[in-house]
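The block underneath contains the structure these notes are about, expressed in structure tokens.
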Amino acid sequence: MEYNFRNIEKKWQQYWEENKTFRTPDDLTNPNKCYILDMFPYPSGAGLHVGHPEGYTATDIISRYKRMKGFSVLHPMGWDAFGLPAEQYAIQTGTHPSITTKNNCDTFRRQIKELGLSYDWEREINTTDPKYYKWTQWIFIQLFNTWFDEKLRKGRPLSELIIPDSISKAGNKAVRDYVNSHRLAYYDNATVWWCPDCRIVCANEEVLFDGSHEKCGNRVEKRNLKQWMLRIPLYAERLLKGIDDLDWPEGIKEMQRNWIGRSTGAEVDFKLEGTNETLRVFTTRPDTLFGATWMVIAPEHPLTTSLTTEDRKTEVDNYIKAASLKSDLDRTDLAKEKTGVFTGRFAVNPVNLKKIPVWVADYVLMGYGTGAIMAVPAHDTRDFEFALKYDLPVECIMDPEVTDNEQRSRIIKGRECWTEDGRYINSSDTKTGIDINGLNKEAGIAKMTVWLESKNIGKAKVNYKLRDWLFSRQRYWGEPFPVIHWDDGEISVLDEKDLPLELPELEKYLPGESGESPLANAGDWLNVNDKSGRKGRRETNTMPQWAGSCWYYLRFIDPSNDKQIFDPEKEKYWMPVDIYIGGAEHAVLHLLYSRFWHKVLFDLGIVSTDEPYRKLFNQGMILAYAYENETGAKVAADIIEERNGKFYNSETGTEVKQIVAKMSKSLKNVVNPDDVVLKYGADSLRLYEMFLGPLDITKPWDDKGVKGVFNFLGRTFRFFSNGENIVNYDEDPEILKGLHQAIKKVETDIENLRFNTAISAMMIFLNLAIRKGKVTPDTAAIFTKILSPFAPHLAEELWNMLGNTKTIAYEPWPEVNEEFLKEEAFEYPVSFNGKLRFKIELPVSMTKDEIIEHVLTDARAKKWLETGTMTNIIVVPNRIVNVVLKNKCG
RNA sequence: GCCCGGAUGGUGGAAUGGUAGACACGCAGGACUUAAAAUCCUGUGGCCAUUAAGGCUGUGCGGGUUCAAGUCCCGCUCCGGGUACCA
């Protein structure tokens, strides 16, 4: 019988749908639960990409396997459907983004269903559905009404915030400002990156290092706009600590740590000569204060203008202006060469009371630390560069730990920068009484910090790179903020009963050039009055795409609950997510934001776990072959001809080089899953995606490779569907051994997400079965079961042919019988001096001495024993024999 | 620059420190066929020998540890990802 995958796949997809086979169990009593989650996709107009099914197939295999193992499985799918493309399309064509979105979701759903993925479609969610974003808005309100208690290190309701008397006395506005300054979500002026092309603000994270917008590639610029911000840095410490216990890839954990960027050091106050002001700096190296020979203040620092002396004013003003303009034009040019000007002002170094000049330079950032630094050129490479350029003094205060005497001499003379450890020199002063000479870095930092604190001129301080999260976008197609700005300056959020605040219908979707959202044109929707007649205006910004994806895993637990965000009992049962699979591109932002929201919800008692995702796994990207000519120019894949393993441009006839590159329209190397399904079937696509290589690595798609797994499925079908091959008899011990080896391998490989080798184990068994020519019905049933998570359509069909009437999806996973795996003999590889010379089969029960005797008396050993004198013989039972010889000549 | 990965046949990739190249693709030869496709069988790292048995060599490069290294250690090269004046 031929393997008619089209009929088989259609038949079983229909069966699963009609029988609601993959509906999540309702009862919450099964102690074994498994929440298996994919990163839900943005449904783009281009449809599914072969990258999507990679992760989806992996989670599907785990889900199906866990069901067979008796677990209650939650395995849902949904759409992260807010986003720019649908809105851009609306601007161009006038089509409402909801229509575009719906069409795209329909395409994605159809494509995903055609892959036979076992999602519970009753739990499908869509972030653009008001029934869903009602709760996104609800979470925003929770953030708005929460403050962070530094002592308890947790978020608490604002009702528990104690207002100091001094604030209460100062009146309502002071109280309001005080409260607002504590909210996790706040509204304020922010200097933001603006993309003039997309007419949208971008988070720092969305701006690439070359100053371009990651979405469109155009240059961004700085603007000052009123924005919603979230105080994620308050959770920096918890977010950092939480990473340690997560079962996530080390690389991703490290990226999150780097992003949070914790650094310990001290803040130190420098008196500004001739003023009453002090200039506070943050440094990780308070121990190097004796080497501080000047200071640098950021151009945007509030003191910069006032501390500048009259005679330097013009130059400094020009510099500040140039710096702000320059950053608009090109951030990266700034990074290449440091510039700065002297302010004319001197500061007093607190350790030795020496006067040091204050410079302004844009390599010091206002957004980090205090916006001012002390420069220690001898022990900081950036300061050293600056010293060279402007001929500033370099004073070495540390005898470096180097063996090279010339280098040591250069460092001590201040001609080379040294940032590592050593012993302090020139680091004492009798006037101030501090002395750290002779200490090493660690002791020096400790002693200096204590001294600074005792003199009240500094204190230990921890800083984070993590900044407030810019949480608003000037767009239409996003969640509206449930916020009203009142005439008198009050900002209020809607009552829960008034949610969701739905998006109004608009005629035009184009945002204003000045950074106004299209919602500013929604007159009826926009303006509101309260009971006392006070006028208000709704927030016209919308939330960024991150908002909906920050918490969707929680809604899957109880997706149609319209009374609560979810039933807490269900949340307790299903959380945390047991395994979360998706692309590494979300390593930092989505996962960090999501963890942040989750921790806030945890603090408020809304969720029961501190972390949302227990185990995370990143699938590798799937690339494709592309072609380039000698000059490195790319040649579209559709005009390539292959002859004798070489590739030619069919239009010019010139030879081209095959390379591996990202799939892209311009290279014409995009693989469409629909085409693969049509030609080979969904089971083949699934199997190939898994067989391609380990899940986490980047690997190239090769159409030819699909044939390999297609052949396997075809052979499987032809063998097991042929009644002549399925015979009642005492099963062949070799078959039993092979079968149980396969069960064991497939099981451990699924548990460890090594699907490629699981598939090869099944191939090995099939090859054995075909060679033997027959198996028992039991063997056929077991093999069908272990195949079913991978190729579910084919497995259901074979299961049915074996006389079963119910789905295979909930059949118990076969048990490995170790009895069948026992070996009686082992073929020992015998090496002489590590080189394999021959093999000898010996019983596994044989003792070492017996093994040695058999090996040494073997006729084949003689030849090698003659080449030297035996000095040792290593026998590792059931592994290897190695004879060590000393060469006669040597 | 810094941080994380990675480098194994023509290709994708296997290999608890213990037989390198499992399993596939491709290729070559054969069977079936009027022919092709499909399917089935055999071979397939390189070099030497080929009448056979066999031998040498081989996991990016250079060292080291070990009876034994793709795997562990030290020093490089190249490729991919992240990050970027974070004081």
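Each chain gets a letter, A, B and so on, in the order its sequence line appears, and its residues count up from 1. Only a predicted model underlies this, so the values are computations on that prediction, with no experimental measurement involved.
With both ends at atom C1', the span from B/A28 to B/C79 equals 33 Å, rounded to whole Å. On the P atoms, B/A14 is 15 Å away from B/G60, given to the nearest whole Å. To the nearest whole angstrom, the two P atoms, one in B/G70 and one in B/G21, are 12 Å apart. Look at the P atom in both B/G54 and B/A20: the space between them is 16 Å, to the nearest Å. B/C67 and B/G46: their P atoms are spaced 34 Å apart (whole Å). Nucleotides B/U44 and B/A22 place their P atoms 10 Å apart, quoted to the nearest Å. Spacing between B/G64 and B/G81 at atom P, rounded to whole Å, works out to 35 Å. Nucleotides B/G6 and B/C61, compared at atom C1', are 16 Å apart to the nearest Å.
Nearest to the side-chain atoms of A/Trp259 among the listed nucleotides B/G18, B/C85, B/A84 stands B/A84. Of the candidate nucleotides B/A22, B/C85, B/A24, B/A22 has the atom lying nearest to any side-chain atom of A/Ser760. Among B/G13, B/U57, B/C23, the nucleotide with an atom closest to any side-chain atom of A/Lys835 is B/U57. Of the candidates B/G26, B/G12, B/A87, the closest approach to any side-chain atom of A/Phe282 belongs to B/A87. Closest approach to the A/Asp362 side chain among B/U19, B/A22, B/C85 is made by B/C85 (side chain taken as heavy atoms from C-beta onward). Across B/C25, B/A87, B/G18, the shortest atom-to-atom separation from the side chain of A/Ile880 is found for B/G18. Nearest nucleotide to the side chain of A/Val364, out of B/A87, B/G18, B/C3: B/A87. Proximity note for A/Leu836 (side chain, C-beta onward) versus B/G26, B/U19, B/G12: the nearest is B/U19. Considering only the side chain of A/Phe691, B/A24 comes nearest among B/A87, B/A24, B/G54. When distances are taken from the side chain of A/Tyr625 to each of B/C85, B/U16, B/G12, the shortest belongs to B/G12.
Ion pairing of A/Glu237 with A/Arg262 is present here, as a side-chain N (NZ or NE/NH1/NH2) and a carboxylate O approach within less than 4.0 Å. Between A/Lys699 and A/Glu689 there is no salt bridge, since none of the side-chain N atoms of the basic residue sits less than 4.0 Å from a carboxylate O of the acidic one. Using a cut-off of 4.0 Å between Lys/Arg side-chain N and Asp/Glu carboxylate O, A/Arg257 and A/Glu254 are scored as salt-bridged. A/Glu823 has a carboxylate O that lies under 4.0 Å from a charged side-chain N of A/Lys737, or vice versa, which qualifies the two as a salt bridge.
For the pair A/Lys704 NZ and B/C25 P, the computed distance is 12 Å after rounding to whole Å. Atoms CE (A/Met763) and C1' (B/C25) sit 10 Å apart, rounded to a whole Å. A straight line from NE2 of A/His586 to C1' of B/G82 spans 15 Å, rounded to a whole angstrom. B/U11 atom P lies 15 Å from atom OH of A/Tyr688, rounded to whole Å. One can place CZ of A/Phe719 at 13 Å from P of B/C40, the figure rounded to the nearest angstrom. Between the CG atom of A/Leu687 and the P atom of B/A24 there is a distance of 12 Å, rounded to whole Å. A straight line from OH of A/Tyr363 to C1' of B/A87 spans 8 Å, rounded to a whole angstrom. Regarding A/Arg879, its CZ atom lies at a distance of 11 Å from the C1' atom of B/A15, rounded to whole Å.
Residue contacts shown for A/Phe765 are absent, as no nucleic acid heavy atom lies under 4.0 Å away. Contacts of A/Val876 with the nucleic acid, taken as non-hydrogen atoms under 4.0 Å apart, include base atoms. Contacts of A/Asn756 with the nucleic acid, taken as non-hydrogen atoms under 4.0 Å apart, involve only primed sugar atoms and P, OP1 or OP2. Nucleic acid contact class of A/Leu365 (heavy atoms, under 4.0 Å, all strands): base. A/Asn882 comes within 4.0 angstrom of a nucleotide base, judged by non-hydrogen atoms across all strands. Within 4.0 Å (heavy atoms only), A/Asn463 reaches no atom of the nucleic acid at all. Residue-level contact check: A/Ile697 touches the backbone only, with heavy atoms under 4.0 Å from sugar-phosphate atoms and none from bases. Within 4.0 Å (heavy atoms only), A/Tyr828 reaches no atom of the nucleic acid at all. Contact annotation for A/Trp864: backbone-only contact, meaning every heavy-atom pair under 4.0 Å involves sugar-phosphate atoms and none involves a base. Across all strands, A/Ile874 comes closer than 4.0 Å to base atoms (heavy-atom distances).
When the side chain to side chain donor-acceptor pair (under 3.5 Å) test is applied to A/Tyr363, the partners found at least two apart in sequence or on another chain are A/Asp383. Take A/Asp421 and apply the salt bridge (charged side-chain N to carboxylate O under 4.0 Å, His left out) test, not counting sequence neighbours, and it matches no residue. Residues passing the salt bridge (charged side-chain N to carboxylate O under 4.0 Å, His left out) test with A/Lys835: none are found, sequence neighbours excluded.
Residues in residues 280-301 of chain A take part in these salt bridge (Lys or Arg N to Asp or Glu O under 4.0 Å) pairs, two or more places apart or across chains: A/Glu267-A/Arg280, A/Asp269-A/Arg280, A/Arg285-A/Asp287.
Mapping A/Ala372 and A/Asn258 onto RNA chain B by nearest heavy atom places A/Asn258 at the nucleotide closer to the 5' end. Taking for each of A/Lys465 and A/Gly251 the nucleotide of RNA chain B with the nearest heavy atom, the 5'-most of the two is the partner of A/Gly251.
Checked by atom type and distance alone, the side chain of A/Tyr319 pairs as donor or acceptor with a backbone atom of A/Asp362 at under 3.5 Å. Listed for the A/His740 side chain is no donor-acceptor partner under 3.5 Å among the backbone atoms of A/Val816. Judged by distance alone, the side chain of A/Asn725 and the main-chain N or O of A/Phe719 form a donor-acceptor pair under 3.5 Å. Without hydrogens or angle criteria, A/Tyr688 side chain to A/Gly705 main chain gives no donor-acceptor distance under 3.5 Å. Side chain of A/Asn833 to main chain of A/Leu885: a donor-acceptor pair is present (N/O by atom type, distance under 3.5 Å, no hydrogens or angles).
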Exercise. Dot-bracket for RNA chain B, 5' to 3', counting Watson-Crick or G-U wobble pairs under 3.5 Å, with [ ] for crossing pairs and | for inter-strand pairs?
Worked result: (((((((..(((.....[....)))((((((.......))))))((((.....))))..(((((..]....))))))))))))....

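Ring geometry for A/Phe838 versus A/Phe832: interplanar angle of 30 to 60°, hence tilted.
Close to B/A87, at under 4.0 Å from its OP1 or OP2, lies a side-chain N or O of A/Ser263. Within the structure, a side-chain polar atom (N or O) of A/Asn767 is placed less than 4.0 Å from OP1 or OP2 of B/A24.
Taking every heavy atom of residues 708-717 of chain A and every atom of RNA chain B, pairs under 4.0 Å involve A/Gly708, A/Asn711, A/Arg715, by number.
Looking at A/Arg837, its side chain has no donor and acceptor atom pair within 3.5 Å of the base of B/U19.
Taking the syn range as angles within 90° of 0, the glycosidic angle of B/G21 is outside it, so the base is anti.
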